[in-house]
> 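Got a structure here, written out as structure tokens. Questions coming.
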Amino acid sequence: MEQGNPNRKIAFGTYGAAFGITALIFATALFASTYFTERRVADIRSVQDNISVDILSLETQFDLLAENSCGDIEENSVLSSELLPIAARLSTLESQSNVNTDELTRLKRYYSLLQIKDLLLMKQVSEKCGLEPIFLLYFYSNAGDCPECEEQGYVLTALNERYPQLRIYSFDYNLDLSALRTLTSISNVKPPLPAIVINGRLETGFKEIDDIEAFIPELAELKQATSTEDESDAN
Amino acid sequence: MAVAVTTFITYTLLFAALYFEVFLLLSFLLRHGLKRPQIMPARRHSSLPTVAIVVPCYNEERTVARTIESLLNLEYPKEKIEIIVVDDGSKDATYEVASRYEEAGVRILRKENGGKHSALNLALLNTNSEIIGCLDADSSVEPDALMRIAESFENTSVSAVTPGIHVREPRTILEHIQTAEYRLSVFIRNALASVGSIFITPGPFSIFRSSVVRKLGGWRHGHSTEDLELGLRLQERGYTILNNPAATVWTAAPRTLKALFRQRIRWTYGFLRNTADYHFMIGNPRYGNLGLMILPTALLSIFAAIYFAAVLIFSAANSAFEAYIRLVASGWNIALDPLAFSASVYSTSFAIFLVYFAIAIVMGLIAIGSFISLGKHRLPASAFLFILIYSFIVPLWLSAAVVRAALKTGVAWR
């Protein structure tokens, strides 16, 4: 074998072939990336479908309440177990560049709608059964006009970890959804954001955990309830 | 806007990087197929050229004996080989150690310290051998290496032949990583030869036709990279440089990060300054694939590596800042969000897939390098570590070298 080639000729053929192969690799990478992202979106869609079944089931449960006792209703029936993970997945998708934005917006609208339905149902259930849950509505914007929204999101996540029974619903203020428009106008929410509505009372601007705890004295009871429960579990 | 520009540059550079990998692979495969070069059987000794191997030394008392012994063990007709040790003004016992081999026929020249190129030129003045090569005192050769290389000089158009260079007895992690790197270099050098574009004739055991080196005026300082300068000069004048990956040379690789940085800054500095001196070749089709493709890509790759490192550092700083805000916001309540974590690990973004492809191809190139040089079928174990570690440290010495080349600071050998 000749070890090399005393070759000054420009290998235009190789240039072209290498370009073709590289383009093919690019196309394959694009295809793979799109395929896996689609699968992730499909995954979320199926979870959303499951949630809608759960909501329907909750509605049915509520209808049955007229005939049955309130003991059958669990306080955190849908939201904590199903809706929150979806929120996390949606925000991951949102941070990726090649996700179909129409599809994402569709999922977000649906998700917001489910949250509103859950809110209404839980309110009705609470009234009927004499529960006293705390509802916290959080309105944010990621249109670039709310620098504190990201941080506020982390605060609420931390708050929810501390008080799992607290019911937090988060809404993208700019989302085009008529039910959401109605909700914001009922709650008097307007920019500047972030805005938090706690059991009907509106608070605007960034709030620390301590601030929020100060707004809701009932939180202390929630916490106590949780820790007592933990102790009895331990016993 | 800034994001769009960054994205555009990132994908353009990723395309260029992949393109270059594919180009080298294709050039290699079209030229050779996957074979390890064999020695021609029944070589006629009378047709072999006379050879001078020069060992330039500066304070090499500890390593020079081993280098000389490996040269004495070369399978080559004794009457046709001449070993010349040039003591370039050493302050230690290099001369005394080398003198012990005078009886075995080794010639020893002594001079004032003047740099490696001056040592090589002195040897060139003092020999009549048809071909001349250099073996650094930190390297040794396989017995059949010279025979493999000398064959190529029967073709009178060949002016230089480069060997396959490997790390000698790797022990530290850093040396093992360089083992993988050198295998990749073996492939790259061979692929460059197949498009007539070798522009470095490495210090360890590159062999030249003496008449050509004399005609070109011998070695030059070349910004402390005389091997790169001579390679470019040969290419500029249209001489042919070949590569025989199976001619094996073992060289001592830097053992410490500091030594590695010093060496690589010198290499990159030398590359930048020498290509500045030979700037008229860049992008010039008169110099074939080297001018049109290889030199521009080599320059681009330096800036691409620095660019990617900058982007990575920026985004890492960004997410560290986010994590900090998150921790402060949650009252230092460290709770890992498992979903967010898994999402970042299994990211399905386009760029990540491209990087996977690029890494896979590099692995393939390292494997080819291993095979054509040593006949090994397995990747060195350190191949993945090489990619991981080098991604972080290469941009550091590249940046340092770019700054020093811009300021023309000069670089020292040690």
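Proteins come first, then strands; the chains are lettered A, B, ... in the order of their sequence lines, and each starts at number 1.
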> B:Leu25 versus chain A, heavy atoms under 4.5 Å apart: side chain, backbone, both or neither?
neither
> Would A:Phe171 and A:Val189 satisfy side-chain contact (heavy atoms from CB on, under 4.5 Å), going step by step from the backbone distance to the final call?
CA-CA 11 Å; A:Phe171 300 100; A:Val189 174; over 6 Å; no
> About how many Å separate CD1 of B:Ile198 and OG1 of B:Thr240, when rounded to the nearest 0.5 Å?
10.5 Å
> Could you tell me which of A:Tyr35, A:Phe19, A:Tyr15 has the largest number of non-hydrogen atom pairs under 4.5 Å with chain B?
A:Tyr15
> Top residue by heavy-atom pair count (under 4.5 Å) with chain A, among B:Tyr239, B:Phe20, B:Phe15, B:Tyr287?
B:Phe15
> Would you confirm whether the ring centroid of B:Phe350 sits within less than 6.0 angstrom of the ring centroid of B:Tyr11?
yes
> Could you tell me which portion of B:Glu21 (side chain, backbone, both or neither) has an atom closer than 4.5 angstrom to a non-hydrogen atom of chain A?
neither
> Take the angle between the ring planes of B:Phe23 and B:Tyr19 and call it parallel below 30°, perpendicular above 60°, tilted in between.
parallel
